[in-house]
There are 2 protein chains.
Amino acid sequence: MPRVTDAYRRARRDEIASAALRCLRRNGVSGTSIADVVAESGLSAGAIYSHFRNKAELASYVAGSLLAWRIDEFASVTVDAPADAMRFLLAVFEDEEVTPHVVLQFWGEATVDEELRTVMTAVVGRMRAAFEHAVRPWADRRSADGAALAARTASVMLAVCQGYIANVALLGPRPVDDYLADVAVALGSEGADGQVIPLQRDHLSGRG
Amino acid sequence: MPRVTDAYRRARRDEIASAALRCLRRNGVSGTSIADVVAESGLSAGAIYSHFRNKAELASYVAGSLLAWRIDEFASVTVDAPADAMRFLLAVFEDEEVTPHVVLQFWGEATVDEELRTVMTAVVGRMRAAFEHAVRPWADRRSADGAALAARTASVMLAVCQGYIANVALLGPRPVDDYLADVAVALGSEGADGQVIPLQRDHLSGRG
DNA sequence: ACCTGAACACCGTTCAAGT
DNA sequence: ACCTGAACACCGTTCAAGT
């Protein structure tokens, strides 16, 4: 099998996947039929099935490539505080390519579709690992056992980001910074005039 | 229209809804067909459509009644700290009747189905209001403007709970207390030997 | 009024036939 | 090998006909 063919196949898959993503953004996962993807891509049903085993595999491919590059670009970053890392990651939703409601639907489907679950837990796992790496210096500054603190913190950051995504998808857009500021106010700390101070358990500061 | 008929209709709707919920737990929202509900309920397709306009309305009804009673029972409670309120609400997932993965699927569908979105935002809104009421005494103790603090805190608690639900549905079961303890460690405060101290911005305590 | 179940339009998927 | 598009089994929904 010559290499040209591999590159061609990959390009075709991405072409179909990007047509599928356009449909998904418009009509959601359950609202998108293969016929829609056929119309959007200009190919035939058979052509799509010669590149993807079924609709679930197409969805998995879209879901997998959706956030992959953003996480990769994030993988080697380190930050001053957890909030910065979350801000960086959640900024992905500021361009219109990826929308929280599509991500939330993928999560919902993943609880029921084995293949999609594998992809989504991998994506989420890489997010967690990236968080862990990003906050490691911060954790080392704060605790004798920086590794353990970084691991626990990464878990929570992941859940906080998932909460943001679910919250925004359901209740409508909300600036990332406002959200993180509210988290800081309620559970962390906040400086004067609303400026967010890196989340620290032992930070003491007056408000107002 | 005699009252008996209303009661009968309601009972029939609940009968269908509970058959539908059994199917949803087994096979998920997209994996459940009307034919499945027909088989599970022992009624005919037409019978179901004489009680629900369509599959979406059936799903909305199930979703609406799913958490309603638990939120109502929670509506007049007040707690010592935000964590207690979240612990109380999330304890609903300790019985097997309601599962996080069904809730997550409803959220996903809600981003695409208008009727389901209306129901889910109402449910989530009542959760938020219940949180706000529950932490009000705590907020008054902590701030001169207790109302504002309670409102912002309730928003965050909601998102934290949504994060827990999404996290657990995707990555598998995780005890509520462990999760809240991790949140406290990373963003709040933790006492000696792992005992969670009510989340307070200005609480100072050594660890280990 | 509630219910039955056959019928309809549409869905995901397959497959013989083309290039 | 990739692709076409008709065909198939199944889906959500409707509706004439029963009680």
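Reminder, nothing fancy here: chain letters follow the sequence lines and each chain counts from 1.
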Looking at the side chain of A/Ser44, which of D/dC2, D/dC3, C/dT4 is the nearest nucleotide?
-> D/dC3
Base paired to C/dT19 (Watson-Crick or G-U; both N/O distances under 3.5 angstrom) = D/dA1
Euclidean distance, atom CZ of residue A/Arg13 to atom P of D/dC3 [Å, nearest integer] = 13 Å
Which class fits the ring pair A/Phe74 and A/Phe88: parallel under 30°, tilted 30 to 60°, perpendicular over 60°?
-> parallel
In this structure, OG1 of B/Thr121 is separated from CE of B/Met127 (nearest 0.5 Å) by 12.5 Å
When you check the phosphate oxygens OP1 and OP2 of C/dC2, does a side-chain N or O of B/Arg12 lie under 4.0 Å from one of them?
-> no
Out of C/dT13, C/dG12, D/dT13, which has the shortest distance to the side chain of A/Asn54?
-> C/dT13
What's the CZ-C1' distance between A/Arg53 and C/dC15, to the nearest Å?
-> 18 Å
Euclidean distance, atom OH of residue B/Tyr8 to atom P of C/dA1 [Å, nearest integer] | 14 Å
Would a 4.5 Å heavy-atom cut-off, applied to side chains only, mark A/Leu24 and A/Val29 as touching?
-> yes
Counting only heavy atoms not in B/Arg10, do more than 12 sit closer than 6.0 Å to its CZ atom?
-> no
Which pairs pass ring-ring contact (aromatic ring centres under 6.0 Å, His included) with one or both residues in residues 10-66 of chain A, sequence neighbours excluded?
-> A/Phe52-A/Tyr61
When both distances are under 3.5 Å in a Watson-Crick or G-U wobble arrangement, the nucleotide paired with D/dA6 is C/dT14
Taking the side chain of A/Ser33 as its heavy atoms from C-beta onward, which of D/dC2, C/dC11, D/dG12 lies nearest to it?
-> C/dC11
Please report, rounded to the nearest Å, how far the C1' atom of C/dG12 is from the CG atom of A/Leu43.
-> 17 Å
Just how far, in rounded Å, is C1' of D/dC3 from CD1 of A/Ile16?
-> 11 Å
DNA chain C: B/Gly46 or A/Ile34, which has the more 5' nearest nucleotide?
-> B/Gly46
Could you check whether A/Thr32 gets within reach of a base, just the sugar-phosphate, or nothing at all, counting any heavy atom under 4.0 Å?
-> sugar-phosphate
Using only side-chain N and O atoms of A/His51, determine if any of them is under 4.0 Å from OP1 or OP2 of D/dA1.
-> no
What's the CG-C1' distance between B/Asp6 and C/dC2, to the nearest Å?
-> 14 Å
In whole Å, what is the span from the CD atom of A/Glu15 to the C1' atom of D/dC2?
-> 13 Å
note: A/Tyr49, atom OH; D/dA6, atom P; distance rounded to Å ~ 17 Å
Nearest to side-chain heavy atoms of B/Ala35, which nucleotide of D/dC11, D/dT13, C/dT4 = D/dC11
If you check the A/Ala45 side chain, which of C/dT14, D/dC3, D/dT13 turns out closest?
-> C/dT14
Could you work out which one of C/dC3, C/dT13, D/dT4 sits closest to the side chain of A/Lys55?
-> C/dT13
